[in-house]
There are 2 protein chains.
Amino acid sequence: MARRAKPANNATIIDVANLAGVSYATVSRVVNNKENVAPATRVRVLAAMEELGYQANLNARRLVSGRSYAIGLLVHNLMGPYIGEIMAGIDDVLATSNYELMLFTTHQRREREARYIDLMSSGMTDGLILILPRGLETYIRSLRQRHFPYVLVDHRGFEPTDLYVIAANWQGAYDATQHLLQLGHRRIGMITGVIDMDNARERVAGYQAALEAHQVHFDAELFVEGDYTQLSGVNGALKLLSLADPPTAIFASNDVMAFGVLEAAHACKLRVPQDLSLVGFDDVPMASWTQPRLTTVRQPLVEMGRLAAELLLRTLEDPEHQKQGIVVPAELFVRQSTAPANGGRGATVDVVNGAAAWAEAGSNVV
Amino acid sequence: MARRAKPANNATIIDVANLAGVSYATVSRVVNNKENVAPATRVRVLAAMEELGYQANLNARRLVSGRSYAIGLLVHNLMGPYIGEIMAGIDDVLATSNYELMLFTTHQRREREARYIDLMSSGMTDGLILILPRGLETYIRSLRQRHFPYVLVDHRGFEPTDLYVIAANWQGAYDATQHLLQLGHRRIGMITGVIDMDNARERVAGYQAALEAHQVHFDAELFVEGDYTQLSGVNGALKLLSLADPPTAIFASNDVMAFGVLEAAHACKLRVPQDLSLVGFDDVPMASWTQPRLTTVRQPLVEMGRLAAELLLRTLEDPEHQKQGIVVPAELFVRQSTAPANGGRGATVDVVNGAAAWAEAGSNVV
DNA sequence: ATGAAAGCGCTAACAA
DNA sequence: TTGTTAGCGCTTTCAT
């Protein structure tokens, strides 16, 4: 017979049945709120449950029902303000459901993909939300093949039936760029996100479309790829500002890179917004704590998490019902980091010294 | 007979046994790497597993073993840079173990306490890490009573046997305050954290001890309670700066409040560090992105998460072995937000206008 | 070295 | 309305 190592709380359905003087099937009925239980019996059973502090064994339930009552969240990494907000939204929705949340990260290790897929298909979760994990395509392929329910955040997937929640990246980028154009800027640099992600590509397209709409020539020189880190924002800005004909405005594909631009501008003795206008993307809380406050495109991250969770839960409840991806609006918030282009440049750019100053100051950062 | 709703992947141990021509007990032995299996048999079973893509049903395992192979993380909320880093550390350790991570938040809702305790005792997790959830004392009481393993982060608990990981808050605060004193500051304001948390109290004590060591009178006027939000930093600073004899330096109990101080100082036209020195606590990534870079006390959050996970895992493996709480060092990083006190005040403080300016600018923040 | 079999705690079909 | 019973897929004794 199996070795006992049961959970601390050990009253089982049988103990309750004995105490209440009924069969344990009846207890099960009471626990699951079934119809056919005499009111008096129900009361008696409830009392017995109360007395014993009965708590249904979750794993037995899971085994017999074939469901885990958990959903998984697969993310690349946990740092940064972006993930936390989406998680908060997901958690919000789950709090009102019977589902719990499991967290999986992909990290550096590519070989974990297979393990996760196995875990899920072995009954660890009933469905999955994927937020831009590396190796997304591999995951999705396995998931589809197993008919395992999933929802993507910030990516539209690869098949028309893929479920996703994404912001209106194109529109947001278009609005941001147009805002700069309307302020009179003509040389607008862009620091992109990781370019093989849907969101990054869409923002680039929006930027280009706005330029085109205003008959501004797209100059490839003004276009640098970043990776959503602050450092890549610093480096991107330094590169842009050292051009022979530097931009008077920069659109960074996320706020964290915009913080990097702020730092680079400061190192180059450029004032934002007087000498350089700057727009970010995301509107993380910190965007309104910087000096100057950052003009940025808000991506409603908490809401996106919420929608993703709802979409997944609905899929679990009713797999047949036809659902589709959701695009949420991305809204430009004009704060203090943008100003009219001042014709000539407001200050001479000395990027060489700026970069040196930055490197020196940066050495304080351990 | 029970309705079928098994996981997508449906090869069971019996299928494997049939294919390999052995009993399913033998398959179990192979799966669990037991000794007594003939090499040839093992090979045959392995091949059958491979062929069928067999994956042990986790919930059956959980039921029979009485363990969930999951640990829970209970936090108050998910936003902000603090939690993400600790989670990353925990995840790091779990990645090399057989455990998965479940996430629970307490949010606003106090009534969820009971639910969580139930979930845990019903076998959802094998152990718990608690990061300053509201209602901590209630949780701990239930947990102890059920002999459920747990580790606290950033709190020392209530019993000598409580396991915890915490930074050397007292020392960190002492060093921060001493740094300011050595720069010649004598009126040093402090914005505290939520004062019923251990970490906040310890930082206050360190601040007071440093003042005392330097024979500086502790002035209750210079002491305001914050709640770790940026807004409370703004308000605390505004209050301090409007004193008849305002501080020349402020020690904020976390970086986020220090960002608020930065904002308030800017609104009051005070330069940091020339007119006001500022020290934070935590050293979140953003602390080195502000202008000026923030002098702060680093709390090794990722490492703390890692240690907490290791402590819990060791407890699960060997419940008897005597373990104890861990205090990690908190180190002062001097960057750009502190400077020598300049005798007289460098600028006149106009807090009334400053506050007005701040309120107006703040209205941009939706 | 291997097989047979007894549960783990529960759900749900079937009978009464 | 209630009880009886057959599993869910697995681990682990106990025989062989």
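Within every chain, numbering begins at 1; the chains are lettered A, B, ... in the order of the sequence lines, protein sequences first and strands thereafter.
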*asked:* Could you tell me how far apart B/I13 (CD1) and C/dT2 (C1') are, to the nearest whole angstrom?
replied: 14 Å
*Quick one: B/L63 CG to D/dC8 C1', roughly how many Å, whole number?*
9 Å
*Nearest of D/dT11, D/dT2, D/dC10 to any side-chain atom of B/N32?*
D/dT11
*Report the distance from atom CG of B/N36 to atom P of D/dC14, rounded to the nearest whole Å.*
15 Å
*asked:* Measuring to OP1 and OP2 of D/dG9, would you say a side-chain N or O of B/N59 lies under 4.0 angstrom away?
replied: no
_Does a side-chain N or O of A/T26 approach OP1 or OP2 of D/dG3 to a distance below 4.0 Å, or not?_
yes
*Touch class at under 4.0 angstrom, heavy-atom based, for B/A38 against every strand present*: sugar-phosphate
*Could you tell me whether the side chain of A/N59 and the main chain of B/G123 form a donor-acceptor pair under 3.5 Å?*
yes
_Length of the CD-C1' vector between B/Q55 and D/dC10, whole Å_ = 13 Å
*Give a yes/no answer on whether the side chain of B/S65 brings an N or O atom under 4.0 Å of OP1 or OP2 in D/dC10.*
no
*OP1 or OP2 of D/dG9 sitting under 4.0 Å from any side-chain N/O of B/T12?*
no
*Are B/R61 and D/dG9 close enough that a side-chain N or O sits under 4.0 Å from OP1 or OP2?*
no
*Looking at the side chain of A/V22, which of D/dT5, D/dT11, D/dG3 is the nearest nucleotide?*
D/dG3
*Test applied, side-chain contact (heavy atoms from CB on, under 4.5 Å); reference residue, A/Y164; option that passes from A/R156, A/Q324, A/M304*: A/R156
_Distance in angstrom units between A/N57 CG and D/dC8 P, rounded_ = 18 Å
*With respect to the side chain of B/V64, which nucleotide from D/dG3, C/dG9, C/dC8 is positioned closest?*
C/dC8
*Does B/K34 put a side-chain nitrogen or oxygen below 4.0 Å from OP1 or OP2 of C/dT2?*
no
*Kindly indicate, with the supporting measurements, whether the criterion side-chain hydrogen bond (donor to acceptor under 3.5 Å, both in side chains) is fulfilled by B/D91 and A/T105.*
CA-CA 8 Å; B/D91 176 70; A/T105 57; 2.4 Å; yes
*Check whether any side-chain N or O of A/Y24 sits under 4.0 Å from OP1 or OP2 of C/dA12, and answer yes or no.*
no
*When you measure from the side chain of A/T315 to the backbone N and O of A/L311, does any donor-acceptor pair fall under 3.5 Å?*
yes
_Between D/dG9 (P) and B/D15 (CG): distance, integer Å_ = 9 Å
*Nearest-nucleotide comparison on DNA chain C, the residue closer to the 5′ end among A/I14 and B/G21*: B/G21
*Residue pair B/R42 / B/T26, side-chain donor-acceptor N/O under 3.5 Å*: no
_Sidechain-backbone polar pair: A/R62 side chain, A/S68 backbone, donor-acceptor under 3.5 Å_ = yes
_What is the separation between atom CZ on B/R67 and atom P on C/dG9, rounded to the nearest whole Å?_
16 Å
*Interatomic distance where CE belongs to B/M124 and C1' belongs to C/dG9 [whole Å]*: 15 Å
*Is B/R29 touching bases, backbone alone, or none of the nucleic acid, heavy atoms closer than 4.0 Å?*
base
